Amino acid sequence: MEGYTTKEMRRFNYLLSETDAAYHEAALRLGMSDSTMQVLYAICNNGDSCPLSEICSQSGISKQTINSALRKLEGDGIIYLEASGGRKKRVCLTDKGRVLAEGTVVKLIEIENGILESWPREDVERYLELTRKYLTAFKEKIQEL
């Protein structure tokens with residue numbers, strides 16, 4: 001039996017897994033866990049702070065793992081939590097956290113930005129549109145399960 005996936009889907013899955021592996025390698029080279037890197041990345045993606053709910057939804061990591069990473073980062077003086085209306089919370093970088101982020105995830109973001117900036121604009125737009133289109137269709141089909 002050759003498998004249930006098409007050749008194209010196997011190629012797509014390979015690229016996704018290689019991308020995940022590359023981000024894992026980045027985390028290792030930056031001296032942090034995947035979950036710590038994702039928390040800091042989500043914060044930097046939003047500026048100096050980010051709603052806790054966005055960190056959970058953007059990372060795809062369990063709330064338990066995110067909360068564990070947050071407790072460690074808070075204990076290390078890298079982040080603090082602040083109330084954001086009702087039961088909502090924002091995760092904010094401390095001054096120490098900003099320094100850490102600039103030496104780690106900001107470098108990663110600069111690499112990502114540089115790659116996309118090196119592509120022709122139409123390639124970037126096409127890549128982003130096709131990725132959005134795939135994700136939208138995939139989410140719709142998941143709802144039918």
Side-chain angles (χ1 to χ4, degrees), residues 4-5 8-145:
Y4 293 102
T5 57
E8 292 79 11
M9 200 65 230
R10 283 192 301 275
R11 186 174 169 203
F12 181 77
N13 288 335
Y14 172 79
L15 292 171
L16 283 179
S17 65
E18 285 294 305
T19 300
D20 288 344
Y23 279 94
H24 174 70
E25 177 70 17
L28 292 176
R29 288 181 175 266
L30 295 171
M32 56 183 60
S33 69
D34 292 346
S35 56
T36 295
M37 185 175 82
Q38 291 214 6
V39 167
L40 291 176
Y41 189 101
I43 296 169
C44 291
N45 197 39
N46 285 281
D48 282 346
S49 67
C50 181
L52 176 56
S53 59
E54 279 189 38
I55 293 173
C56 293
S57 66
Q58 288 177 13
S59 69
I61 297 174
S62 73
K63 286 183 181 181
Q64 182 179 359
T65 301
I66 292 296
N67 284 327
S68 176
L70 291 174
R71 281 191 303 276
K72 180 171 181 354
L73 289 167
E74 194 172 28
D76 292 343
I78 304 300
I79 58 112
Y80 64 94
L81 300 174
E82 74 178 15
S84 179
R87 296 179 53 189
K88 296 180 180 180
K89 293 183 181 176
R90 288 192 72 77
V91 182
C92 307
L93 291 175
T94 63
D95 289 339
K96 182 179 177 182
R98 279 186 205 90
V99 171
L100 175 65
E102 287 171 10
T104 57
V105 295
V106 170
K107 289 181 179 181
L108 185 60
I109 291 168
E110 288 169 349
I111 290 169
E112 294 168 327
N113 288 337
I115 292 167
L116 290 184
E117 287 169 3
S118 74
W119 293 0
R121 189 80 209 143
E122 58 274 4
D123 287 356
V124 173
E125 291 303 322
R126 181 92 170 126
Y127 175 75
L128 295 174
E129 177 56 25
L130 288 172
T131 302
R132 184 207 56 78
K133 189 176 180 179
Y134 178 86
L135 181 58
T136 299
F138 188 62
K139 285 180 174 181
E140 287 172 1
K141 295 295 182 183
I142 288 171
Q143 294 305 311
E144 297 172 11
L145 291 176

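Being a predicted model, the structure only gives us computed values, none of them experimental.
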Of all the heavy-atom pairs spanning [X] and [Y], show the shortest one and how long it is.
{"X": "Cys50", "Y": "Ala42", "value": "SG-O, 3.9 Å"}
{"X": "Ser35", "Y": "Thr65", "value": "CB-CG2, 3.8 Å"}
{"X": "Arg98", "Y": "Asp48", "value": "NE-OD2, 2.9 Å"}

Query raised in the report: What residues, two or more places apart in sequence or in another chain, satisfy side chain to side chain donor-acceptor pair (under 3.5 Å) together with Arg121?
Result: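 Scan of Arg121 (side chain to side chain donor-acceptor pair (under 3.5 Å), adjacent residues dropped) gives Glu125.
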
If you round to the nearest 0.5 Å, how far is [atom2] of [Y] from [atom1] of [X]?
{"X": "Leu16", "Y": "Met9", "atom1": "CG", "atom2": "CE", "result": "7.0 Å"}
{"X": "Leu52", "Y": "Ile43", "atom1": "CG", "atom2": "CD1", "result": "9.5 Å"}
{"X": "Glu140", "Y": "Leu135", "atom1": "CD", "atom2": "CG", "result": "10.0 Å"}
{"X": "Ile79", "Y": "Leu100", "atom1": "CD1", "atom2": "CG", "result": "11.5 Å"}
{"X": "Ser49", "Y": "Lys89", "atom1": "OG", "atom2": "NZ", "result": "15.0 Å"}
{"X": "Leu108", "Y": "Met37", "atom1": "CG", "atom2": "CE", "result": "5.5 Å"}

Report task. Test Ile55 against Gln38 for side chain to side chain contact (heavy atoms under 4.5 Å, CB included), laying out the working first. Result -> CA-CA 8 Å; Ile55 293 173; Gln38 291 214 6; over 6 Å; no

Requested in this report: For atom CD of Gln64, decide whether the heavy atoms of other residues, nucleotides or ligands shown that lie under 6.0 angstrom number more than 12.
Outcome: no

Query raised in the report: If only atom types and distance count, is the side chain of Thr136 paired as donor or acceptor with the main-chain N or O of Lys133 below 3.5 Å?
Result: no

Requested in this report: Mark yes or no for whether Lys96, through its side chain, and Asp76, through its backbone, hold a donor-acceptor pair below 3.5 Å.
Outcome: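 Answer holds: yes.
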
Is there side-chain contact between [X] and [Y], with heavy atoms separated by less than 4.5 Å?
{"X": "Leu40", "Y": "Leu93", "answer": "yes"}
{"X": "His24", "Y": "Leu28", "answer": "yes"}
{"X": "Leu73", "Y": "Val91", "answer": "no"}

Report task. Show your working on side chain to side chain contact (heavy atoms under 4.5 Å, CB included) between Glu54 and Asn45 and close with a plain yes or no. Result -> CA-CA 11 Å; Glu54 279 189 38; Asn45 197 39; over 6 Å; no

Query raised in the report: After noting the C-alpha distance and the side-chain angles of Arg126 and Asp123, does the key distance pass the salt bridge (Lys or Arg N to Asp or Glu O under 4.0 Å) rule?
Result: CA-CA 5 Å; Arg126 181 92 170 126; Asp123 287 356; over 6 Å; no

Report task. Give the C-alpha distance, both sets of side-chain angles, the deciding distance and a yes or no for ring-ring contact (aromatic ring centres under 6.0 Å, His included) between Tyr134 and Phe12. Result -> CA-CA 11 Å; Tyr134 178 86; Phe12 181 77; 4.8 Å; yes

Query raised in the report: Given the rule in the side chain to side chain contact (heavy atoms under 4.5 Å, CB included) test, do Thr94 and Tyr80 qualify, once you have shown the distances and angles that lead to the verdict?
Result: CA-CA 7 Å; Thr94 63; Tyr80 64 94; 3.7 Å; yes

Query - Test: Glu25 and Arg29 ion pair at under 4.0 Å - result: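 Counted as a salt bridge, because a side-chain N and a carboxylate O are separated by less than 4.0 Å.
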
**Report entry** Short N-O contact, Arg11 and Glu8, less than 4.0 angstrom
**Finding:**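 Not counted as a salt bridge, because no side-chain N and carboxylate O are separated by less than 4.0 Å.
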
Query raised in the report: Stepwise, does the salt bridge (Lys or Arg N to Asp or Glu O under 4.0 Å) test hold for Lys107 with Glu110?
Result: CA-CA 5 Å; Lys107 289 181 179 181; Glu110 288 169 349; over 6 Å; no

Report task. Go through the steps to decide whether Ile109 and Glu112 satisfy the test side chain to side chain contact (heavy atoms under 4.5 Å, CB included), and finish with yes or no. Result -> CA-CA 5 Å; Ile109 291 168; Glu112 294 168 327; 3.9 Å; yes

